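Worksheet: the structure to be examined is printed underneath.
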Amino acid sequence: MKAVLGLKLDPWHDTGASIVLDDGSKLRVVAISQERLDRVKNSRAFPAEAILYCLETAGCRLEDIDLAVADYICSPSLEDRFAPGPNGGPSPKREFFQRLEELGIPVVFAEHHLCHAASAYYATEWDEATAVVIDGHGSNYETQTLYNCRGNGITKVATSRQPGIGWMYCAVTECLLGFQHLQDGKTMGLAGWAKDGGPWTQFFRGHTPPGSTFDIVYPQFAEGVERWKLTAPDGLARRQPKDDPVRAPFAEYAYAAQSALESGVMQLIRAAARTLPSKRLCYSGGVALNIPANRLILDSGLYDDVFIQPAASDSGIPLGAALFGYYSVLGGEKRWRMEHAFLGRDYSAREMDAAVNAWKGPREDYDVEHVARILTNDYLLAWSQGASEYGPRALGHRSILCLPRHPGMKAYLNHEVKHREMFRPFAPLVPLESQSEYFDLGVPSPFMLINAGVNPGKATLMPAVVHADGTARVQSIRQREHPELHALLHRIGGLTGVPVLLNTSLNLAGEPIVETPAQAVDLFSRSRLDALVIGGTLLTKVPLQQLLEHRNPHLLQSPPPPVDSIDRPAPAPPILAWSPAELDVATDEFLTVCGTGRTLV
């Protein structure tokens with residue numbers, strides 16, 4: 001047996017854990033982000049809960065681990081590994097690495113971009129490929145890196161330490177558009193509302209220094225917003241909270257940044273194709289979540305096969321670290337293909353029953369006909385089934401589903417349910433066999449990573465999933481990975497003629513996607529969702545017959561006005577989270593588990 005623990009560690013964002021377990025007959029892969037467990041978006045906490053979760057799900061103990069691999073940003077030094085906690089207090093990280101040392105478990109620190117590349121290449125079963133990583137910055141300030149992948153090895157070919165594509169996009173997102181750190185997806189969505197970038201398009205573009213392979217330099221963004229006033233053209237101004245982002249010049253900023261990103265990405269992809277002979281591309285890093293740019297890569301024809309890691313952001317680093325340890329360090333031989341992103345755990349019938357029994361409202365056994373009719377009456381359905389998705393997007397196991405045909409559905413869902421900006425788009429969910437009938441997309445899109453035009457005459461059938469620029473961020477599914485959801489889509493098609501649903505993540509603004517059955521029921525109870533399918537049970541807030549016989553009354557009225565200033569309700573205290581007072585108790589229990597080798601039940 002070979003077991004490798006992959007880690008993304010504090011104090012950096014999106015900490016988490018993964019285990020790759022070779023039990024002699026098959027390869028088991030488990031992964032989870034710490035945010036799903038401590039309920040803090042993009043959590044920076046030491047991933048104690050994520051480690052325990054992976055050990056329990058993989059069915060092993062800490063002393064069964066053969067190797068631990070973690071990425072690093074600044075330094076892989078022993079001093080950092082054993083640094084004390086704040087104010088000299090206890091440090092879960094220090095205690096954990098001391099325990100690994102006591103157990104004789106070796107620790108490897110791998111470069112951040114190498115872990116990104118590993119998360120994509122080792123998830124393909126390919127024996128050779130080119131890997132490209134583009135993000136904000138990784139180890140030693142690398143921003144864009146090219147790798148040659150052969151067999152079990154990944155070799156760096158070129159890298160840039162200049163402020164690159166991801167740096168530029170983050171600067172526009174935070175310093176001009178006024179969004180928060182790690183909210184680059186909002187900029188991507190806002191870009192679709194502008195017809196062009198106005199006078200900012202050329203200003204936002206980068207350039208490649210002579211003789212460089214993988215540098216794209218954006219000197220106008222290198223100094224930060226406080227210095228821009230010295231170099232920026234007249235009229236460049238930061239958006240204030242009262243400003244509608246859809247109006248000029250802010251949507252133009254987003255468009256110009258998106259145009260610059262797409263130009264830069266394609267420049268790097270062409271450079272990769274010139275430099276390395278492979279016709280297979282593996283792509284990861286935070287910029288790989290940019291859906292319009294991904295479509296340009298696909299349409300370029302530079303590569304015959306393209307795999308984009310669905311957990312392309314830093315949430316995927318633990319997976320890449322574990323896969324790197326298994327293949328490159330330990331020489332593992334069993335190949336693994338990431339056909340789906342459901343790398344979490346399946347919850348037991350006892351856990352599901354406990355969550356369902358906490359609900360005091362109506363409940364029924366799951367019936368596809370009832371659920372399809374609820375959806376055709378324009379109600380909103382929470383869907384929590386099976387193992388959770390790995391990465392930042394809901395892909396059909398922790399989702400909110402609704403029919404996309406009502407013209408007011410998008411505004412209602414954004415404003416009244418998700419409590420988020422009105423300009424943000426939603427994704428269509430469609431059976432793979434029906435994808436080409438509705439969307440201009442000729443390849444499967446299981447991970448919601450590619451956009452597509454909507455075929456003529458089809459947009460009016462699904463206005464809630466068509467973005468302002470006329471595109472849709474498609475997710476197509478097969479019966480093999482999604483038996484229940486696939487059957488539901490076909491029944492929706494039988495009732496409406498269009499087998500398409502709107503799919504968005506099962507969370508509210510500022511919260512991580514739910515993980516546990518208890519979290520799903522908790523969110524359902526404090527939201528404006530109408531029904532919840534959890535395992536084999538349907539929960540509702542009113543008697544089932546009412547949902548079957550009457551349309552959603554909220555959508556019989558005029559849709560809410562498209563305003564950006566939303567009165568968001570105060571979030572309820574998250575369940576299963578660590579309060580400061582509970583941190584010491586949780587840390588003690590974690591260290592006790594490490595010391596005894598047992599796992600939490």
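Side chains are part of it too, since the values below use all heavy atoms of this structure and drop only hydrogens, waters and symmetry mates. Not measured: the values here are computed from a predicted model.
Contact check on Lys8 versus Glu35 returns no salt bridge, with no Lys/Arg side-chain nitrogen under 4.0 Å from an Asp/Glu carboxylate oxygen. At a threshold of 4.0 Å, the pair Arg491-Glu369 counts as salt-bridged, since one of the basic side-chain nitrogens sits closer than that to a carboxylate oxygen. Residues Asp353 and Arg350 are not paired through a salt bridge, judged by the lack of any N-O separation under 4.0 Å between the basic side chain and the carboxylate.
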Mind listing the side-chain donor-acceptor pairs of residues 285-292 below 3.5 Å, one per line with the distance, residues two or more places apart or on another chain?
from, atom 1, to, atom 2, distance (Å)
Asn290, OD1, Gln258, NE2, 2.7
Asn290, OD1, Ala293, N, 3.3
Asn290, ND2, Gln258, OE1, 3.0

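Taking every heavy atom of both residues into account, Leu323 and Ala118 meet most closely at CD1-O, 3.9 Å. Across Phe179 and Pro245, no two heavy atoms sit closer than the pair CZ-CB, 4.5 Å. Smallest separation of non-hydrogen atoms from Met409 and Ala464: CB-CB, 4.0 Å. The minimum heavy-atom distance between Asn455 and Asp440, with the atom names listed, is OD1-N, 3.4 Å.
A 4.5 Å side-chain heavy-atom check between Lys418 and Ile400 finds at least one atom pair inside the cut-off. Using a 4.5 Å heavy-atom cutoff, the side chains of Leu506 and Ser399 are not in contact. Looking at heavy atoms from C-beta onward, Ser527 lies in side-chain contact with Lys541 at the 4.5 angstrom threshold. With contacts defined as side-chain heavy-atom distances shorter than 4.5 Å, the pair Pro428/Asn503 does not qualify. Between Ile492 and Val498, the closest side-chain pair of non-hydrogen atoms is not below 4.5 Å. Counting heavy atoms from C-beta outward, Asn552 and Tyr412 have side chains that approach closer than 4.5 Å. Leu182 is listed as a side-chain neighbour of Asp14, based on a closest heavy-atom distance under 4.5 Å. Residues Val20 and Leu27 are in side-chain contact: their nearest non-hydrogen atoms beyond the backbone lie under 4.5 Å apart.
With a 6.0 Å radius and a threshold of 12 heavy atoms from other residues, nucleotides or ligands, Gln180 has its CD atom at or below the threshold. Around the CZ atom of Arg337, the shell of radius 6.0 Å holds no more than 12 heavy atoms that belong to other residues, nucleotides or ligands. More than 12 heavy-atom neighbours from other residues, nucleotides or ligands sit within 6.0 angstrom of CZ on Arg551.
Residue Arg280 holds its CZ atom at 7.5 Å from OG1 of Thr124, rounded to the nearest 0.5 Å. If you take CD1 on Ile477 and CD on Glu481, they are separated by 9.0 Å, rounding to the nearest 0.5 Å. Atom-to-atom distance recorded for Ile513:CD1 and Leu395:CG is 8.0 Å, nearest 0.5 angstrom.
The side chain to side chain donor-acceptor pair (under 3.5 Å) contacts involving residues 422-436 comprise Glu421-Arg424, Glu433-His486, Glu433-His490, Gln435-Ser476, where partners must be two or more places apart or lie in separate chains. Residue pairs meeting the ring pair (Phe, Tyr, Trp, His ring centres under 6.0 Å) criterion with at least one partner in residues 492-549, sequence neighbours excluded, are Trp359-Phe524.
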From CA spacing to verdict: side chain to side chain contact (heavy atoms under 4.5 Å, CB included), Arg393, Gln475: CA-CA 11 Å; Arg393 293 184 178 141; Gln475 184 193 3; over 6 Å; no
Criterion side chain to side chain contact (heavy atoms under 4.5 Å, CB included) on Arg405 and Met462, from CA distance to verdict: CA-CA 4 Å; Arg405 68 182 179 187; Met462 56 184 82; over 6 Å; no
Report the C-alpha distance between Leu501 and Leu488 in whole Å, list the side-chain angles of each, state the deciding distance to 0.1 Å, and finish with yes or no for side chain to side chain contact (heavy atoms under 4.5 Å, CB included). CA-CA 10 Å; Leu501 287 172; Leu488 177 59; 4.2 Å; yes
Where do Tyr438 and Val454 land on the side chain to side chain contact (heavy atoms under 4.5 Å, CB included) test, with the steps shown first? CA-CA 6 Å; Tyr438 297 94; Val454 181; 5.8 Å; no
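Between Asn451 and His467, the side chains place no donor N or O within less than 3.5 Å of an acceptor N or O (distance only, hydrogens not considered). When only modelled atom types and interatomic distance are considered, Glu484 and Gln385 share no side-chain donor-acceptor pair under 3.5 Å. No hydrogens or angles considered: nothing links the side chains of Ser315 and Ser33 as a donor-acceptor pair under 3.5 Å. Residues Asn294 and Arg473 have side chains that never bring a donor and an acceptor to within less than 3.5 angstrom of each other.
Checked against Tyr53 for a side-chain hydrogen bond (donor to acceptor under 3.5 Å, both in side chains), the options Gln34, Arg36, Glu515, Arg345 give a single hit: Glu515.
Take Leu548 and apply the side chain to side chain contact (heavy atoms under 4.5 Å, CB included) test, not counting sequence neighbours, and it matches His370, Arg373, Ile374, Leu544, Gln545. By the salt bridge (charged side-chain N to carboxylate O under 4.0 Å, His left out) test, Asp299 is found to be paired with Arg295, residues two or more places apart in sequence or in another chain being considered. Among residues two or more places apart in sequence or in another chain, the salt bridge (charged side-chain N to carboxylate O under 4.0 Å, His left out) test is passed with Asp346 by none.
Side-chain rings of His482 and Phe342 approach one another, their centers coming within less than 6.0 Å.
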